[in-house]
Amino acid sequence: MAKPTVSLPQGTRDFGPDIVRKRQYIFTTIRTAFELYGFQPLETPAMENLETLMGKYGEEGDKLIFKILNNGLDKKEQLAREEFEKILQGRNTKAITERALKYDLTIPFARYVAMNQGQLSFPFKRYQIQPVWRADKPQKGRYREFYQCDADVVGSTSLLNEVELATLYAEVFNQLGVPVDIKINNRKILAALAEVCGGPDKMTAITVAIDKLDKIGLAKVEAELSEKGLDQQQVSIIRQYLEITGTNREKLARVKELLGKTETGEAGIRELETVLDYFDPSMQAPPLLIDFTLARGLNYYTGIIFEVKARNVQMGSVGGGGRYDDLTGLFGVPGIPGVGISFGVDRIYDVMDELQLFPADVQMGSQVLFFNLGEQESKTAFTLLQQLRAGNTRAELYHENSKFDKQFKYAEKKNIPYIVIIGTKELAEKTCVVKDLRNGKQISLPLEELLNFSFL
RNA sequence: GUGGUUGUAGCUCAGUUGGUUAGAGCAUCAGAUUGUGGUUCUGAGGGUCGCCGGUUCGAACCCGGUCAUCCACCCCA
């Protein structure tokens, strides 16, 4: 057999039957929860106009957008050569590329809302489960094609939405049995911190630095801040901010002392209090934890922000989201605020696989296999097969009259729990043998009773 | 984008200082076994040693390049 030298683009994967089953289990759990909370489905194209995406994810984000080469460049060779100079200088030009693969689901959703605002009734709650693409260098938990599952509410400033989304996170991870911490913070508190420590223009530098706290430690964070031009007193305030520990209540009390005097700080704290107040404490796991170092990169967030981290496993966040005041403003429709969360299915899969959290029955395809033991025998089996299928039992008939050995092994490999044997003897007696492969027990049944048998 | 790791059968991996015909386990297929699988035994198939080039009488092994992989940084789901 000659070995074909085919391959897959970097960072993309095929999913075989068993993997698809496990992924579908995650998708179904999330989709069901979305529906349960009153969100409506939406799908948008794989590609968007490049200008819809550019500039929305920060400078780094722009570099990670997959751009699509225009068709027909060979017909305008001269123009293409000239315009390509711009690409070499790091600029984009419509003459070379005017479309790109979508980078996340939030911006295309904002584009959709801006285009359809007249038709939508607000608040509009939508969920979206689709792949997105990023030209990142692949590594653990990072792929170039991966699925996001987003739920967003637009057209409402009510904090009840944040509460619902936090609860949605808790519900889904609870159902999947994945141990996580749901971290929560508020961009307003970070803004207040920046106000007190060098002004709003320092906010990005500050958030970038404190975001690294658990990775590089307090000393290096302080060094980085000094380097960015903060004086001793400002660095000291940030140290006090980062050293806040304790329960959510204790943290809020401490941060109130530190930043409660500023208007934005006060508002941010009050919002956090409200959300924590509503969040059902009887839902024990997973907890909603204040994390003042949480910053989140996407620069359109303005209020409460979320991030979900899996416990006991080294993996980036498995979910993230937050409030944005004016996303559609980028598309010429101001005044529509929103808040949303996202689930990273591929990472959730990796975590569940590593911690072996998939239920065993996720793998079950067919429930029953009819053995094929001859022409007359298989005709009888086929009739019964169709009747079982009509009753919603997943069933199949072995494709040819082979030795028992082969038919058994087929069932075993496909993880089919039951087999039905109809041979010459059974045919004559109008019975069949039902065997449970999991425990090796078998019983003989009259044919007509097979339809009432529960193949579980 | 920067740095590192690994690449040998379908899978997991051996392979001596460079030396005849590149091995093992698992998996697959066939037989022992024509109505009872999982255990066991016997046998078989399966390789351009990632790819291209170089050094050498001779390369899986040394060198260069390239591609892919995994990992870290940056950033993120």
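Chain A is the first sequence line, chain B the second, and so forth, proteins listed ahead of strands; every chain is numbered from 1.
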Can a cation-pi geometry be assigned to A:Arg23 and A:Phe15, taking NZ or CZ under 6.0 Å from the six-membered ring centre and within 45° of the ring axis? yes
Closest to side chain of A:Lys409, choosing from B:C76, B:A30, B:G38: B:G38
Can you figure out which of B:U36, B:C76, B:C75 approaches the side chain of A:Arg134 most closely? B:C76
Of the candidate nucleotides B:U36, B:U2, B:C75, which contains the atom at the shortest distance from the side chain of A:Lys137? B:U2
Can you say whether a donor on the side chain of A:Gln442 sits under 3.5 Å from an acceptor on the base of B:U36, or the other way round? yes
Categorize A:Gly11 for me: base, sugar-phosphate, or nothing, with a 4.0 angstrom heavy-atom threshold over every strand shown. sugar-phosphate
Using a heavy-atom cut-off of under 4.0 Å over every strand shown, decide if A:Phe343 touches base, sugar-phosphate, or nothing. nothing
Touch class at under 4.0 angstrom, heavy-atom based, for A:Ile421 against every strand present: base
Within the structure shown, what part of the strands sits under 4.0 Å from A:Gly319 by heavy-atom distance: base, sugar-phosphate, or nothing? sugar-phosphate
With a 4.0 Å cut-off on heavy atoms, is A:Ile419 in touch with a base, just the backbone sugar-phosphate, or nothing at all? nothing
Does B:C71 have its OP1 or OP2 closer than 4.0 Å to a side-chain nitrogen or oxygen of A:Gln139? no
Over-ring placement of A:Arg126 relative to A:Phe109, 6.0 Å and 45° cut-offs: yes
Residue A:Thr424, side-chain heavy atoms: nucleotide from B:G35, B:C76, B:U36 that is nearest: B:G35
Does the separation of the ring centres of A:Tyr418 and A:Phe453 fall below 6.0 angstrom? yes
Would you please test A:Asp181 and A:Lys183 for salt bridge (Lys or Arg N to Asp or Glu O under 4.0 Å) and show each step? CA-CA 6 Å; A:Asp181 290 324; A:Lys183 297 190 204 169; over 6 Å; no
Among B:U36, B:A72, B:C73, the one nearest A:Lys140 by side-chain distance: B:A72
Assign each of A:Gly61 and A:Asn439 to its nearest nucleotide of RNA chain B by heavy atoms, then name whichever residue's nucleotide is nearer the 5' end. A:Asn439
What contact category does A:Gly440 fall into here, base, sugar-phosphate, or nothing, at under 4.0 angstrom with non-hydrogen atoms? base
Would you indicate what A:Lys425 reaches in the nucleic acid, counting non-hydrogen atoms under 4.0 angstrom: base, sugar-phosphate, or nothing? base
The side chain of A:Gln314 is closest to which nucleotide in this list: B:C76, B:A72, B:U28? B:A72
May I ask you to decide if the ring planes of A:Tyr398 and A:Tyr410 are parallel, tilted or perpendicular, using 30° and 60° as cut-offs? perpendicular
Between B:G35, B:G37, B:U28, which nucleotide has the shortest distance from any of its atoms to the side chain of A:Glu412? B:G37
Please confirm whether any donor atom in the side chain of A:Glu426 sits under 3.5 Å from an acceptor in the base of B:G35, or the reverse. yes
Closer than 4.0 Å, any side-chain N/O of A:Gln10 to the OP1 or OP2 of B:U69? yes
Is the distance between the ring centroids of A:Tyr127 and A:Phe343 under 6.0 Å? no
Among B:G31, B:C73, B:G37, find the nucleotide with the atom closest to the side chain of A:Lys403. B:G31
Does the base of B:C70 carry an N or O that pairs as donor and acceptor with the side chain of A:Arg142 under 3.5 Å? no
